[in-house]
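Okay, so here's the structure we're looking at.
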Number of protein chains: 2
Amino acid sequence: MPRPPSNRPRGPKPQRVDADQLLDAAQEVFAREGLRAASLRAIARQAGCDPALIYYHFDSKEAMFTALLDRRFPPVIRELTHLADPSDARPTVLRLWEVLGIYHRHLGGDPGIRSLVRGEIVRGTEGIQELIQGRMAAAATQVRNLLEQGIARGEVRPGLHPLLATFFFVKLHLEILDVLPMVAPRFLNISPEAAVREGERGWLELFWRGIAADPLAPLPPLPDSGSKEFRP
Amino acid sequence: MPRPPSNRPRGPKPQRVDADQLLDAAQEVFAREGLRAASLRAIARQAGCDPALIYYHFDSKEAMFTALLDRRFPPVIRELTHLADPSDARPTVLRLWEVLGIYHRHLGGDPGIRSLVRGEIVRGTEGIQELIQGRMAAAATQVRNLLEQGIARGEVRPGLHPLLATFFFVKLHLEILDVLPMVAPRFLNISPEAAVREGERGWLELFWRGIAADPLAPLPPLPDSGSKEFRP
DNA sequence: CTCATGATTCAACGGTCGTTGAATTAGGTG
DNA sequence: CACCTAATTCAACGACCGTTGAATCATGAG
């Protein structure tokens, strides 16, 4: 039996919810649940509105996800492009350290977007796969440029496969951000934050030793990721 | 209006479906869809039986997943334990190469189980998380032992953090198996199989250069992963 | 043959999901 | 004030999900 129409007010709540706030909420819920498991109802609850409102601002759940990507990737690509400027004469190892800093700052606090991107690459829908791979290609190209400049300057050993090394460098960094914090308390007996800090430093040292023309040369001091100098 | 009872035979089909066949089907569907998205109906369709039959052999979907893990992990751990035997006097770099071989052989053809394990570690249910981390700990311990033997023999540089290095070594290898094949055709212009082959070789060379006591010493020849010698 | 038992299917339950159409309200404009 | 439009909510639809209980069949033992 259909109950009689309710007497609740049906209009907009005192606080407006715009598309950007919806994306904030989606980011949080995607981070917790993943793309498939995150429900529009949960996103709406997080944003404090009705699920149907999402369809006023976006065409579908998938459109919401691509809008989320469009908000996240451009700044990363912009900073990486600036960092890969050939006129930057700093040691290559320092510039690689800043690559980690850029990823850390832009994606560090958001495990959802990373797991999401990775998950969609490995087994996502075809359309989303191409979208993500396009964004990733732009970022990866800059790191590759940086490595090739290092080879040209004689700092990086020739014979290195720049694209493969880029894949190694970036991919393991994302794993350090993603899964090292989850296993660190159990396996390394340290806090998640310390794990990421030590992990990034250890990874850069190992990676640089692996690609440097002179692997035994001491590393220059690496600024702490929390310090001001780390932010270009 | 409920239609009258059908006249289809209700008994068992000519082909029996036992628990192991159900696990085979589950493995395939989990591989395609992931744990959450894989439906019991899809698994049953893959196995050629009714969804309800799953509940005759397993208590729940989650129990099916843990049964799948119990079928997969023990052989890996057994082989790794054998490889980490301290009386094995082969060069450490060769033994590390065999670690890759073991993972490759046991998990190489099954992206589902890998993505699944990783996904459940990063954001899985609490019970499953502990289950998986327990299995992973047993495998990781053997690799760590191997690295520590390398340090004791003077082949690996002291000052290396063995557990962190283990994390790097194994984790990036899994990424090579998982995502390199997906991006290789687009970024490296090579086939997925060639990408895994070159990726594993390149990774071992870079990693070994990063941890070796003498990083400039030439590597011994690494047997091909397809050859007989690769299988201990 | 009879019958017990294990294997399998059917149909349904309650729940959640993405999505939609209509109803409703707030705020600005005339 | 009246009116229009943009923003928001409600209620529902159909689909699929994990799970269950009862019914059915196959098979082997007595």
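Fair warning: this is a prediction, and the values are worked out from it, not measured in the lab. Side-chain atoms are counted along with the backbone in the values below, which use heavy atoms only and exclude waters and symmetry mates. Chain A is the first sequence line, chain B the second, and so forth, proteins listed ahead of strands; every chain is numbered from 1.
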**Asked** Under 4.0 angstrom, heavy atoms only, what part of the nucleic acid is B:Ala38 near: base, sugar-phosphate, or nothing?
**Response** sugar-phosphate
**Asked** Do A:Phe65 and A:Ile132 come within less than 4.5 Å of each other through their side chains, counting heavy atoms only?
**Response** yes
**Asked** A:Leu22 CG to D:dA7 P: how many Å, rounded?
**Response** 12 Å
**Prompt:** Taking it one step at a time, do A:Val99 and A:His173 satisfy side-chain contact (heavy atoms from CB on, under 4.5 Å)?
**Reply:** CA-CA 10 Å; A:Val99 170; A:His173 183 222; over 6 Å; no
**Message:** Expressed as a whole number of angstroms, how long is the span from A:Lys61:NZ to C:dT20:C1'?
**Reply:** 17 Å
**Message:** How many whole angstroms separate atom CG of B:Leu53 from atom P of D:dA26?
**Reply:** 15 Å
**Length of the line joining A:Phe58:CZ and D:dT8:P, which is rounded to integer Å** = 12 Å
**Asked** Counting just side-chain N and O atoms, does A:His57 come under 4.0 Å of either OP1 or OP2 of D:dT8?
**Response** yes
**Prompt:** Among the nucleotides C:dC10, C:dG18, C:dT20, which one has an atom lying closest to any side-chain atom of B:Ala52?
**Reply:** C:dC10
**Request:** Look only at the side chain of A:Gln21 and the backbone of A:Asp18, and say whether a donor-acceptor pair between them is shorter than 3.5 Å.
**Result:** yes
**Message:** Using a 4.0 Å heavy-atom cut-off, does A:Ala37 contact any base of the nucleic acid, only the sugar-phosphate backbone, or nothing at all?
**Reply:** nothing
**Asked** Counting only side-chain N and O atoms of A:Ser39, is one of them less than 4.0 Å from OP1 or OP2 of C:dC17?
**Response** yes
**Nearest-angstrom distance from the residue atom CD1 of A:Ile54 to C1' of D:dT9** = 13 Å
**Request:** Check whether any side-chain heavy atom of B:Ile54 sits under 4.5 Å from a side-chain heavy atom of B:Lys61, and report yes or no.
**Result:** no
**Asked** What's the spacing between A:Trp203 CH2 and B:Lys171 NZ if we round to 0.5 Å?
**Response** 13.0 Å
**Asked** Taking CG from B:Leu40 and C1' from D:dT20, how many angstroms apart are they, rounded to a whole number?
**Response** 13 Å
**Upstream residue (5' side of DNA chain D) when A:Arg41 and B:Asp50 are each assigned their closest nucleotide** = A:Arg41
**Item:** Rounded distance in Å - OH (A:Tyr55) to P (C:dG18)
**Value:** 7 Å
**Asked** Can you tell me how far C1' of C:dA22 sits from OH of A:Tyr56, to the nearest Å?
**Response** 15 Å
